[in-house]
Amino acid sequence: EELAMQCPATGSCEEASTTHDVLEPPTIDISPLVNTNQHSAGEWDAAAEAVARACEQWGFFQVLNHGIPQALLDDVVSKGRELFSLPKTEKAKFKRTETNARGWYDDELTKQTRDWKEGFDVGHVPEPDKPPDHPSNVVAEGYNQWPGESVPSFKETIDEFYSSAALVAQRLLEGIASHLGLPRGHFAPSFEPHTSYLRLNYYPQCPEPSTLSVNRHTDAGALTVLLQEKGTTALQVNHKGTERWVSIPPVDGAMTINVGDMLQVWTNDLFVAPEHRVLSQKDRDRFSAPFFYNPAYHADIAPLPIEGERKADDQATAAGGLAGQGKGRYRPVNWGEFRLRRFAGDYSNQGEEVQISHYRLDA
Ligand SMILES: O=C(O)CCC(=O)C(=O)O
Ligand SMILES: [Fe+2]
């Protein structure tokens with residue numbers, strides 16, 4: 001409604017999007033969710049509400065006081081850049097393959113379009129004390145491949161970022177659960193163990209700026225915790241599906257958060273996983289590091305009986321109306337299956353990429 005009011009009745013929204021681009025997702029101080037014992041219960045509730053409201057209204061927001069030290073974030077950027085600046089022959093030694101989704105690559109496809117970028121992916125390791133390619137660490141999508149000594153202390157930095165980002169996602173999900181009228185720890189069992197993915201993105205300078213670095217897409221998991229390098233704004237969100245692409249600039253000290261497909265299913269569309277894309281830059285390159293907080297492979301994700309909908313149903317029944325208005329709109333999505341089907345679509349252009357819409361009951 002907000003957007004419609006800004007559009008002249010006879011004109012298009014184009015004008016609004018170029019002249020009133022002050023619209024931006026909120027920045028939230030999540031210290032109460034992270035440093036729980038330094039804050040009151042009321043502060044915790046207020047932070048949880050702010051997070052949930054941002055999930056409902058934007059699906060994107062920025063968080064401050066997330067608990068990841070700035071020095072670690074700076075290290076991720078510098079080590080990540082070092083990795084991508086290695087000669088291609090060096091990077092080829094840990095390139096991903098048809099049977100191993102993890103490692104370095106420069107052939108990513110999003111929506112059957114080749115992305116203007118290089119990437120490096122690592123995922124969860126069931127037994128961290130054993131070598132990355134030990135049979136117990138080879139999971140459905142592959143195993144981690146590391147650059148070794150060509151980028152000193154790369155693995156240590158990335159491992160630390162991986163576990164710190166997971167903690168941020170867990171704290172946010174506690175707030176979200178509470179907002180939905182569920183116990184704080186409601187989501188935890190679905191992430192035992194979590195199968196999260198950490199991606200490093202390098203976007204080279206691009207001579208043709210209309211090229212998209214990453215085509216429009218939603219993230220498949222529950223929540224994404226994104227590190228954006230300072231100095232360039234390239235990420236955009238399709239705000240409420242209006243085709244008004246709003247920029248999400250990096251905010252000093254903040255992590256950028258977005259809702260993924262699984263949280264959309266859990267909340268039965270109360271939260272929507274926002275479509276986003278990355279523009280290429282004519283005058284410089286860019287680095288980013290999204291951490292995708294993913295459920296356990298065995299988890300079946302299905303709409304939760306959430307408070308607002310329970311109330312709507314109770315009222316409808318009391319008024320002699322139709323109960324079940326808040327019925328689940330999706331059949332259960334097994335995360336392991338969904339992840340593998342999505343990956344098959346990313347890697348080759350055979351067939352359509354799987355979407356949660358394929359699991360909709362009214363489809
Ligand atoms: O580079 C970014 O800011 C976001 C990248 C992204 O959306 C992704 O890798 O899924
Ligand atoms: Fe994304």
Side-chain angles (χ1 to χ4, degrees), residues 24-25 55 58-63 73 76-77 80-81 83-84 96 101-123 141 158 161-162 165 169 196-206 209 211-239 241 245-252 254-264 271-281 284-294 338-339 342-343 345-347 353-356:
E24 198 180 298
C55 289
W58 281 94
F60 255 103
F61 53 102
Q62 316 257 12
V63 297
L73 298 178
V76 172
V77 176
R81 278 188 164 277
L83 177 112
F84 290 113
R96 72 179 186 188
R102 302 178 183 176
W104 173 80
Y105 52 89
D106 60 0
D107 53 3
E108 177 90 345
L109 299 166
T110 308
K111 307 272 177 200
Q112 278 76 57
T113 305
R114 185 170 167 166
D115 297 335
W116 184 266
K117 69 166 212 180
E118 291 178 36
F120 175 83
D121 290 355
V122 291
E141 71 217 16
I158 294 305
F161 180 58
Y162 184 94
S196 305
Y197 230 62
L198 174 60
R199 169 166 293 173
L200 307 184
N201 287 312
Y202 177 70
Y203 306 105
Q205 219 176 313
C206 182
T211 310
L212 286 175
S213 279
V214 181
N215 205 346
R216 58 197 301 163
H217 68 283
T218 61
D219 293 344
L223 279 178
T224 302
V225 179
L226 168 71
L227 167 59
Q228 297 196 64
E229 185 182 34
K230 274 182 252 179
T232 152
T233 297
L235 173 64
Q236 295 185 319
V237 58
N238 177 9
H239 184 45
W245 291 88
V246 174
S247 294
I248 317 278
V251 167
D252 240 353
M255 299 297 290
T256 303
I257 311 292
N258 67 268
V259 167
D261 291 337
M262 293 307 107
L263 201 48
Q264 175 167 353
F271 300 172
V272 173
E275 258 194 319
H276 52 286
R277 67 183 186 188
V278 180
L279 303 181
S280 62
Q281 317 273 314
R284 60 161 297 167
D285 59 2
R286 177 172 179 267
F287 174 85
S288 76
F291 170 84
F292 306 104
Y293 190 56
N294 293 338
F338 191 79
R339 178 71 190 90
R342 179 65 74 92
F343 172 64
D346 280 357
Y347 194 74
E353 193 180 60
V354 70
Q355 306 293 339
I356 55 171

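Atoms within a ligand are numbered from 1 in the order they appear, just like the ligands themselves.
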Geometric cation-pi criterion, R339 with Y197: 6.0 Å, 45°: yes
Is it true that a side-chain atom of S196 and a backbone atom of N294 form a donor plus acceptor pair closer than 3.5 Å? yes
State the count of protein N/O/S atoms located less than 2.8 Å away from the Fe ion (ligand 2). 3
Checking side-chain contact (heavy atoms from CB on, under 4.5 Å) against L198, which of L227, V122, V225 comes through? V122
Test side-chain contact (heavy atoms from CB on, under 4.5 Å), reference F287, set L200, N201, T232, output is L200
Look at the side chain of Y203 and the backbone N and O of S288, then say whether any donor-acceptor pair between them is shorter than 3.5 Å. no
For ligand 1, give me the residues whose heavy-atom distance to it is below 4.0 Å, by chain and number please. R199, N201, Y203, H217, D219, L226, L235, H276, V278, R286, S288, P290, F292
Using 4.0 Å as the upper bound for N to carboxylate O, is an ion pair formed by D121 and R102? no
Does any donor atom in the side chain of T218 or E275 lie under 3.5 Å from an acceptor atom in the other side chain? no
H217 versus D219, side-chain donor and acceptor atoms under 3.5 Å: yes
Geometric cation-pi criterion R96 and Y105, 6.0 Å radius, 45° cone: yes
